[in-house]
Protein chains: 2
Amino acid sequence: METETATNWLSDDEQCAWRTYLDVNRMLTYQMEKDLQPFGLTNNDYEILVNLSESADRRMRMSDLAAATLQSKSRLSHQITRMENAGLVRRENCESDRRGLFAVLTEHGTETMEKVAPHHVASVRRHFIDLLSGEALADLRESLAPVADHLRGHRGKI
Amino acid sequence: METETATNWLSDDEQCAWRTYLDVNRMLTYQMEKDLQPFGLTNNDYEILVNLSESADRRMRMSDLAAATLQSKSRLSHQITRMENAGLVRRENCESDRRGLFAVLTEHGTETMEKVAPHHVASVRRHFIDLLSGEALADLRESLAPVADHLRGHRGKI
DNA sequence: CCTAAGAAGTTGAATTCTGAACCAAGTGTG
DNA sequence: CACACTTGGTTCAGAATTCAACTTCTTAGG
């Protein structure tokens, strides 16, 4: 009597879709990183800058920023230290909760963001957005949104 | 006279699609990593194992493996060293080109692969494939394939 | 042949990332 | 109020990654 459940392997089509997805993923990340390099920024740096620049007062609590970027507190702490040394952000105390800190975009950080953003958008267009039809893009969003929701609800679980 | 070209910012829809894509990307990577952890493997480890196990004689030249996984030679070298220490692969000399080395799956590597693969497939299904309809999956593949081709042709360029 | 150029890999130092341990400050409960 | 518990964040040590030499072997030219 078979107790082990037979593995539900991926069909050829599924396999192919999955691999394509993985490939795009990796190559796109790689390319974005390359396109950011001339400006002395990494993908991580840029993501922090985006998050801060879109927040009220260009500031975010460390833990919110960590959650938003799906990084560990530890990693974010290091990351912000580096960006602080680069003059892009600074840490500021939180009045209402004295354990807390804000990461705040500096003037230089803001300028950097304004300078780099157009190039980054161009890069995103060139290597992704503009290669998809409007319909394909809409489909992509609709297909991926439930996946995103699923994964968001799954944080930290097995 | 304006010499600078106005930036072609992303529309709301484009922005949303792009962010969803990025989010799925990050969360999915994270989740795959977590699901592999109980087996003592990382995503990188697993990818190497997949590549090797699908190759003739369960072996690949170091540089081919590096190209296939989009890693630098250096990184792959370190990675293989680690996996060698874990008994998953071994290095073997190449007869026809004495500079060359093969990374070869060991018996233990093969067994590990056989043990882990079903769980990994289940994970891929649970967090991605099974959340998409067959049609969505086909669309995804068709949409992403040109992106993959574009990026493949772009390796290393600005 | 002999040499220069290039390809295959490795190595080592500097940087980044991870995970656990830690400190300090807020929260809630009897 | 005092206690334990949680939350916000940093720090340290160990592991992984990057980057720039460096070694060995191959190949192409003269």
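Keep in mind that what you see is a predicted model, and the values were worked out from it rather than measured. All values below come from the heavy atoms of this structure, side chains included, with hydrogens, waters and symmetry mates left out. Numbered from 1 within each chain, the chains take letters A, B, ... in sequence-line order.
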The criterion is side chain to side chain donor-acceptor pair (under 3.5 Å); which residues satisfy it with [X], sequence neighbours excluded?
X	answer
Thr69(B)	Gln71(B)
Thr110(A)	none
Arg99(A)	Asp97(A)
Ser123(A)	Asp35(A)

What is the distance, rounded to the nearest whole Å, between atom [atom1] of [X] and atom [atom2] of [N]?
X	N	atom1	atom2	answer
Arg90(A)	dG9(D)	CZ	P	16 Å
Leu65(B)	dT10(C)	CG	P	11 Å
Phe102(B)	dA8(C)	CZ	C1'	12 Å
Ile80(B)	dA8(C)	CD1	C1'	14 Å
Asn85(A)	dT15(C)	CG	C1'	13 Å

Q: For nucleotides 22-29 of chain C, just jot down a letter per nucleotide in 5' to 3' order: B, S or -, based on protein non-hydrogen atoms under 4.0 Å.
A: --BBS---
Q: Going 5' to 3' through nucleotides 10-19 of chain D, assign each nucleotide B (protein heavy atom under 4.0 Å from a base atom), S (under 4.0 Å only from sugar-phosphate atoms) or - (no protein heavy atom that close).
A: BBB---SSBB
Q. Which ring-ring contact (aromatic ring centres under 6.0 Å, His included) pairs, counting each pair once, include a residue from residues 43-72 of chain B, with sequence neighbours left out?
A. Tyr46(B)-His120(B)
Q.
If hydrophobic residues (ILVMFWY) are linked whenever their side-chain heavy atoms come closer than 4.5 Å, directly or via other members, who joins Val104(B) in its cluster?
A. Phe102(B)
Q: Compare all side-chain heavy atoms of Met27(A) with those of Gln31(A) and state whether any distance is below 4.5 angstrom.
A: no
Q) Got a sec, which residues hit side-chain contact (heavy atoms from CB on, under 4.5 Å) with Ser133(B), two or more places apart in sequence or on another chain? A)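 So Ser133(B) forms a side-chain contact (heavy atoms from CB on, under 4.5 Å) with Glu135(B), Ala136(B).
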